[in-house]
Amino acid sequence: MIMEFFAWLEGTAIANAIRTIPWLYPAIETGHYIGLSLLVGGIMLIDLRVLGFARSLPLKSMIGLLPFVWAGFVINVLTGSMLFIYGATSFGPNRAFQLKMLFMVLAGLNALAFDLAVRRSGGAWVAADRPPALVKGFATLSLAFWLCVVTTGRWMAYL
């Protein structure tokens, strides 16, 4: 039944446009890479700083990257959805894709928890440049989850 749904997705106007307009697929893929750069690049900088690297950079400035991280997340969800619609019958059953989605959900929930921890504290630990252990735990999980998202995303073509 799920494969019927995937086949239906591939027959939609969006999938047909991606398939027939020569520049559309590469444009969407480019957008996906830009979103990935904002998302993973930004979150890795924040996570590494929270974990104590690059102490000369103010933690408050690094936390200021969060809006760019969330923008990258939104861009990737939108472009990734379009790429999925285009190849749903190939991507849907792909184990690497399934793992990527699992890690993306875990990473997104972890990022939301991190963001809430920053907001709930009123930024006191940010100003003091003393991230609590819980926040360092979120940063560690974030690095692991996003590395898994990127890795499984690349594996999709080979599994």
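Nothing here was measured: the structure is a model prediction, and the numbers come from that model.
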Please find the pair of heavy atoms, one from [X] and one from [Y], that lie closest to each other, and give the distance.
X: Leu57; Y: Met62; answer: CD1-SD, 4.1 Å
X: Ala88; Y: Pro93; answer: O-CD, 3.9 Å
X: Lys100; Y: Val149; answer: CG-O, 3.9 Å
X: Arg49; Y: Arg55; answer: NH2-O, 3.5 Å
X: Thr20; Y: Pro22; answer: O-CD, 3.3 Å
X: Ala139; Y: Val50; answer: CB-CG1, 3.9 Å

Look only at the side chain of [X] and the backbone of [Y], and say whether a donor-acceptor pair between them is shorter than 3.5 Å.
X: Asn76; Y: Leu36; value: yes
X: Asn94; Y: Leu159; value: yes
X: Arg19; Y: Glu10; value: yes

Tested for side chain to side chain contact (heavy atoms under 4.5 Å, CB included) against Ile43, the lone hit among Trp146, Phe68, Phe145 is Trp146

Are [Y] and [X] connected in a single hydrophobic cluster, I mean Ile/Leu/Val/Met/Phe/Trp/Tyr linked by side-chain heavy atoms less than 4.5 Å apart?
X: Val77; Y: Val105; answer: no
X: Val74; Y: Leu39; answer: no
X: Leu78; Y: Leu9; answer: no
X: Leu109; Y: Leu99; answer: no

Euclidean distance, [Y] [atom2] relative to [X] [atom1], rounded to 0.5 Å:
X: Asn110; Y: Leu141; atom1: CG; atom2: CG; value: 5.0 Å
X: Thr79; Y: Glu29; atom1: OG1; atom2: CD; value: 9.5 Å
X: Ile75; Y: Tyr33; atom1: CD1; atom2: OH; value: 15.0 Å
X: Ser142; Y: Lys136; atom1: OG; atom2: NZ; value: 15.5 Å
X: Phe91; Y: Phe97; atom1: CZ; atom2: CZ; value: 8.0 Å
X: Trp23; Y: Ile28; atom1: CH2; atom2: CD1; value: 8.0 Å

Side-chain contact, heavy-atom cut-off 4.5 Å: Leu83 with Tyr25?
yes

Trp155 ring center within less than 6.0 Å of Tyr158 ring center
no

Run the side chain to side chain contact (heavy atoms under 4.5 Å, CB included) test on Trp8 and Thr12 for me, step by step, so that the C-alpha distance in whole Å, both residues' side-chain angles and the decisive distance to 0.1 Å come before the verdict.
CA-CA 7 Å; Trp8 175 82; Thr12 62; 4.1 Å; yes

Apply the test side chain to side chain contact (heavy atoms under 4.5 Å, CB included) to residues Leu147 and Leu143: give CA-CA distance (whole Å), side-chain angles for both, the deciding distance (0.1 Å), then the verdict.
CA-CA 6 Å; Leu147 179 61; Leu143 287 170; over 6 Å; no

Between Phe53 and Asp47, does a side chain to side chain contact (heavy atoms under 4.5 Å, CB included) hold up when you go through it step by step?
CA-CA 9 Å; Phe53 294 90; Asp47 291 340; over 6 Å; no

